[in-house]
Q: 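Got a structure for you, written out below as structure tokens; questions coming shortly.
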Amino acid sequence: MDFTRQLLLWYQKNKRDLPWRNTTNPYYIWLSEIILQQTRIEQGLPYYLSFTENFPTLKDLATANEDDVLKLWQGLGYYSRARNLHFTAKTIYFDLNNTFPDNYNNIIKLKGIGPYTAAAIASFAYKEPVAVVDGNVFRVLSRFFGIHDDIAIGKNRTVFQNLANELISKKHPDLFNHAIMDFGATVCVPANPKCGQCILNQNCYAFLKNKVNQLPVKNKKITIKNRFFNYLILKKDDKIALQQRTDKDIWQQLYELPLVETLQDNEEDLFEYLSALFPESTIKKITPNAIKHKLSHQQLHISFYEIQVADFDTKHLVVPLNQLDLYAYPIVLWNFLKDFFKLEKN
DNA sequence: GAGACGTGGAA
DNA sequence: TTTCCAAGTCT
């Protein structure tokens with residue numbers, strides 16, 4: 001029995017019941033695919049439920065404020081996904097007459113949608129026989145067929161895409177795509193795959209050659225940069241100052257406290273700087289040790305300073321404490337604010 | 001096209 | 001503790 005047929009039989013018995021699989025509505029499928037990019041199901045599921053509840057239709061999303069979309073996305077990471085999601089909702093609703101494109105070539109034109117997501121939507125919503133190629137597919141195909149091309153190199157993607165497009169069931173492209181991803185996520189997993197109970201092991205190159213741990217080939221090196229953030233809790237009565245991140249940097253469009261970024265964690269220098277900036281105020285360091293927060297390419301060292309001010313700077317947004325929860329923050333900041341001000345909501 | 005972009009969980 | 005990763009895309 002061939003690869004495709006085996007996989008479909010496996011899926012028939014082992015498929016997971018997930019809310020976005022019980023629909024062919026492209027809006028819901030699109031939503032789930034964006035949320036699940038680089039994200040585990042357990043982490044993404046609550047966000048999917050929250051988005052479908054708050055924005056039941058594409059129109060609801062298209063006519064929402066970006067701040068509200070980002071607030072719902074808070075904590076999921078890779079926030080450009082949320083901004084692009086909102087941008088594309090507006091495109092479809094206002095420019096495409098509220099009609100979702102119904103084929104791969106038109107779907108992939110949309111912002112935030114690449115080859116993976118376009119194939120997912122085209123196959124799940126419209127049964128178009130285009131194969132998804134995600135991390136799972138790279139792993140399953142490289143192991144089963146013994147493909148040693150480095151998956152970190154972009155152009156090697158075509159090797160896998162072409163193979164997957166040949167393998168896909170023309171009759172049930174949606175089931176095949178779900179099957180190969182589910183299989184990769186639950187059986188042919190990255191570490192300690194369940195080869196003993198794998199229904200494909202009799203024909204699997206990696207299993208037969210004992211190379212399961214060497215495939216897929218992935219040589220990617222990333223450099224982590226240290227950054228030192230000093231956040232200021234500028235307080236007067238029951239209000240504090242906020243600002244929105246806008247520049248080409250992390251956390252675009254999210255809100256944060258007024259920030260002083262330094263080249264290193266030097267408490268003395270910072271006190272001196274803040275004393276000059278706020279000569280009449282007492283400055284209190286809140287965090288004895290900097291909070292460490294790791295991003296994909298940065299290690300953040302975050303300190304907090306509380307300063308009672310006489311007046312707020314006009315460049316800042318002044319927000320009452322009981323309305324802090326209306327804004328979207330990087331999760332490390334929200335966790336701090338929630339705890340520091342003993343906020344309940346969210 | 002290589003590097004950047006979040007977060008939380010597992011080994 | 002450190003590293004790698006999880007249904008990728010953008011610039």
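Per chain, numbering begins at 1; letters A, B, ... match sequence-line order.
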Q: P atom, C:dC10 versus B:dG8: distance in rounded Å?
A: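 Approximately 24 Å lies between the P atom of C:dC10 and that of B:dG8.
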Q: What residues form a ring-ring contact (aromatic ring centres under 6.0 Å, His included) with A:Phe228, not counting sequence neighbours?
A: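 A:Phe228: ring-ring contact (aromatic ring centres under 6.0 Å, His included) contacts with A:His301.
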Q: Just checking A:Gly44: base, sugar-phosphate only, or nothing, at a heavy-atom cut-off of under 4.0 Å?
A: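 Result for A:Gly44 = nothing.
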Q: What is the ring orientation for A:Tyr327 with A:Tyr255, classed by angle as parallel under 30°, tilted 30 to 60°, or perpendicular over 60°?
A: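 A:Tyr327 vs A:Tyr255 ring planes: perpendicular.
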Q: If each of A:Glu42 and A:Lys248 is mapped to the nucleotide of DNA chain B with the nearest heavy atom, which maps nearer the 5' terminus, i.e. the 5' end?
A: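 Residue closer to the 5' terminus by nearest nucleotide: A:Lys248.
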Q: On DNA chain B, check which nucleotide each of A:Ile153 and A:Ile250 is closest to and give me the residue with the more 5' one.
A: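 Nearer the 5' end of the strand: A:Ile153.
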Q: List the steps, then state whether salt bridge (Lys or Arg N to Asp or Glu O under 4.0 Å) holds for A:Asp182 with A:Arg16.
A: CA-CA 8 Å; A:Asp182 259 17; A:Arg16 294 176 286 185; 2.7 Å; yes
Q: Give a yes-or-no answer on whether the side chains of A:Asn65 and A:Asp67 include a donor-acceptor pair shorter than 3.5 Å.
A: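 A:Asp67 and A:Asn65 do not have a side-chain donor-acceptor pair below 3.5 Å.
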Q: So, A:Tyr79 versus A:Gln253: side-chain donor-acceptor pair below 3.5 Å or not?
A: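 The answer is no; no qualifying pair exists.
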Q: Along DNA chain B, 5' to 3', what are the outermost nucleotides having an atom less than 4.0 Å from a heavy atom of chain A?
A: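 First-to-last contact on DNA chain B, by the 4.0 Å heavy-atom rule, is B:dA4 to B:dG8.
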Q: Please determine whether ring-ring contact (aromatic ring centres under 6.0 Å, His included) holds for the pair A:Tyr126 and A:Tyr104, giving the CA-CA distance in whole Å, both sets of side-chain angles, and the decisive distance to 0.1 Å.
A: CA-CA 9 Å; A:Tyr126 305 109; A:Tyr104 178 90; over 10 Å; no
Q: How would you label the contact of A:Leu295 with the nucleic acid (heavy atoms, under 4.0 Å): base, sugar-phosphate, or nothing?
A: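 Base, at least one base atom sits under 4.0 Å.
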Q: Can a donor-acceptor pair be found between the side chains of A:Gln37 and A:Tyr116 at a distance below 3.5 Å?
A: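 Side chains of A:Gln37 and A:Tyr116: no pair found under 3.5 Å.
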Q: What contact category does A:Leu76 fall into here, base, sugar-phosphate, or nothing, at under 4.0 angstrom with non-hydrogen atoms?
A: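 Base contact.
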Q: How is A:Gln252 classified with respect to the nucleic acid when contacts are heavy atoms under 4.0 Å: base, sugar-phosphate, or nothing?
A: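 It contacts nothing in the nucleic acid.
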Q: Please list, pair by pair, any protein nitrogen or oxygen found under 3.5 Å from a nitrogen or oxygen in nucleotides 3-7 of chain C.
A:
{"unit_1": "C:dA6", "atom_1": "OP2", "unit_2": "A:Arg139", "atom_2": "NH1", "d": "3.2"}
{"unit_1": "C:dA6", "atom_1": "N3", "unit_2": "A:Gln38", "atom_2": "O", "d": "3.2"}
{"unit_1": "C:dA7", "atom_1": "OP1", "unit_2": "A:Asn136", "atom_2": "OD1", "d": "2.1"}
{"unit_1": "C:dA7", "atom_1": "OP1", "unit_2": "A:Asn136", "atom_2": "ND2", "d": "2.1"}
{"unit_1": "C:dA7", "atom_1": "O5'", "unit_2": "A:Asn136", "atom_2": "ND2", "d": "3.2"}
{"unit_1": "C:dA7", "atom_1": "O4'", "unit_2": "A:Asp134", "atom_2": "OD2", "d": "2.7"}
{"unit_1": "C:dA7", "atom_1": "N9", "unit_2": "A:Tyr116", "atom_2": "OH", "d": "3.4"}
{"unit_1": "C:dA7", "atom_1": "N6", "unit_2": "A:Arg21", "atom_2": "NH2", "d": "3.2"}

Q: If I take atom CG in residue A:Asn84 and atom P in nucleotide C:dC10, what distance separates them, rounded to the nearest angstrom?
A: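 It is 6 Å, rounded to the nearest whole Å.
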Q: Taking the side chain from A:Gln161 and the backbone from A:Ala131, do they hold a donor-acceptor pair closer than 3.5 Å?
A: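 Such a contact is found between A:Gln161 side chain and A:Ala131 backbone.
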Q: Considering only atom C1', compute the distance from B:dC5 to C:dA6 and round it to an integer number of Å.
A: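 B:dC5 and C:dA6 have their C1' atoms separated by 14 Å.
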Q: Looking only at atom C1', what distance separates B:dA2 and C:dA7, rounded to whole Å?
A: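 Between the two C1' atoms, the distance is 23 Å.
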Q: Does A:Pro46 offer a backbone N or O that forms a donor-acceptor pair with the side chain of A:Ser50 under 3.5 Å?
A: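 No; zero donor-acceptor contacts below 3.5 Å.
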Q: Would you kindly give the CD1-to-C1' distance between A:Ile108 and C:dG8, to the nearest whole Å?
A: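 My rounded result for the distance is 11 Å.
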